[in-house]
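So the structure is just underneath, and the comments pick up after that.
One is the number of the first residue; the rest follow in order along the sequence.
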Amino acid sequence: MKVRILLCDDASFIRDLIKRALRKMLPQCEIAEAPDGRRAQALLSRQTFDLILSDWEMPDVSGDELLRWVRAEERSASTPFIMITSLGDKHHIMTAIEAGVSDYLGKPFTAEELTQKVHKALKRSGRLPSGAAPLTSSGSGGAFSSAELLNTGRDSLVPTPSADTLTATRGNAGARVRLTGLIQGENDSFKCMVKHISLEEATAVIKREGGYPALLSGLRLTLASPGLEERVGPIEVYVHGVSAVEKNPDPDFFQLHLRLRDNPDDVLETLADLIQRSGS
């Protein structure tokens, strides 16, 4: 029994990560992609799917608008719908529940957390193939775990951070964090996952899409996460080092070692508060 999944997210970086995890769990699954809610509606109007995975913040038609449309359509009303988003506050969670969401997964996330949600949704709907790969621990390797890209430790619908998955020290040592971000240069921009930051440096992972920032290039880093009411930044940084995440000669993911440049006091104060809260 082949499972058909619709994956809707405007970030190709996130779609590629999710596809890797899904194909490891369900090698024979069919995955259709949509970069926004409107294109997802067009696909849903032409064919049926066994599962929908959707981001919330998208152009034209947002994830919650897509969810309400899906539930109003007879052919898709009962299709499992998992919202995957950085909007993890109580208001957005309750909005999704009221709209009929099947499950809710906060960004960033691990491959294991994603496959657990997918496994549960397909099992409930009776569409889990007999040959589905068993769930493995987050230490199984791959782009998710080897770089600790998507580390949340969320086990329930409400994405509350757990103390054993977020460790930090105060001061210049900074904090291990779970943040999404945007790195911008003069000509390029990269969506990223930031896994450590201090007042002096940061470590982020990006997906190569035609290139990556050069050493010593000046960049701006803006941070976001489910727990941040406002975005932090832009923070002036430069690339101190670049390393491949995967152990092969043609890797897709790179780890950037960033150093902070001179930044305004208000930006540093906001960042210091973020580091302190992350370490509390």
With no hydrogens and no angle check, is any side-chain donor or acceptor of [X] less than 3.5 Å from a backbone partner on [Y]?
X	Y	value
N263	E236	yes
S217	P213	no
D188	E186	no
R127	K2	yes

Distance, nearest 0.5 Å, that separates [atom1] of [X] from [atom2] of [Y]:
X	Y	atom1	atom2	result
S198	L260	OG	CG	7.0 Å
R15	L22	CZ	CG	13.0 Å
L182	F190	CG	CZ	10.0 Å
S102	I52	OG	CD1	8.5 Å
I14	K191	CD1	NZ	7.5 Å
R75	R46	CZ	CZ	10.5 Å

Taking it one step at a time, do K117 and D103 satisfy salt bridge (Lys or Arg N to Asp or Glu O under 4.0 Å)? CA-CA 7 Å; K117 297 286 188 180; D103 212 334; 3.1 Å; yes
Taking the side chain as every heavy atom from C-beta outward, state whether [X] and [Y] have any atom pair closer than 4.5 Å.
X	Y	value
T203	Q255	yes
L221	C192	yes
Q41	V61	yes
L274	T270	no
L256	S243	no
E201	H257	no
L258	V239	yes
I235	T222	no

Heavy atoms of other groups near [X] [atom1], more than 12 under 6.0 Å:
X	atom1	answer
E30	CD	yes
R71	CZ	yes
R23	CZ	yes
D266	CG	yes

According to a 4.5 Å side-chain heavy-atom criterion applied to Ile, Leu, Val, Met, Phe, Trp and Tyr, with indirect links allowed, do I206 and V237 form part of one hydrophobic cluster?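 Yes, same cluster.
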Cluster question for you: counting only ILVMFWY and a side-chain heavy-atom cut-off of under 4.5 Å, with indirect links fine, are L6 and W56 together?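 The answer is yes; both residues are in one hydrophobic cluster.
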Determine whether I5 and L26 satisfy the following criterion, side chain to side chain contact (heavy atoms under 4.5 Å, CB included), listing intermediate values before the conclusion. CA-CA 10 Å; I5 299 173; L26 302 166; 4.3 Å; yes
Minimal non-hydrogen separation, [X] against [Y], with atom names:
X	Y	value
A21	L114	CB-CD2, 3.7 Å
V101	F81	CG2-O, 3.4 Å
M193	T180	SD-CG2, 3.7 Å
C8	M58	SG-SD, 3.4 Å
P59	P35	CD-O, 4.5 Å
A34	A40	CB-N, 3.6 Å

Under the criterion side chain to side chain contact (heavy atoms under 4.5 Å, CB included), which of I18, D9, D36 is the partner of D55?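 With D55 as partner, I18, D9, D36 yield a single side chain to side chain contact (heavy atoms under 4.5 Å, CB included), made by D9.
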Do K19 and E33 sit within salt-bridge range, that is, some charged N less than 4.0 Å from a carboxylate O?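 Between E33 and K19 there is a salt bridge, with a charged N closer than 4.0 Å to a carboxylate O.
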Would you mind checking if D50 and R4 are paired as a salt bridge, meaning a charged N to carboxylate O distance below 4.0 Å?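 Judged by the 4.0 Å cut-off on N to carboxylate O distance, R4 and D50 do not form a salt bridge.
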Using the rule given for side chain to side chain donor-acceptor pair (under 3.5 Å), can you reason through S62 versus E65, listing the C-alpha separation, both sets of side-chain angles and the distance that settles it, and then say yes or no? CA-CA 5 Å; S62 64; E65 292 173 328; 3.3 Å; yes
Decide whether E98 and T95 meet the rule of one side-chain donor and one side-chain acceptor closer than 3.5 Å.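 Side-chain D/A pair, E98 to T95: absent.
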Run L223 and L271 through side chain to side chain contact (heavy atoms under 4.5 Å, CB included) and show every step you take. CA-CA 9 Å; L223 303 173; L271 178 58; 4.2 Å; yes
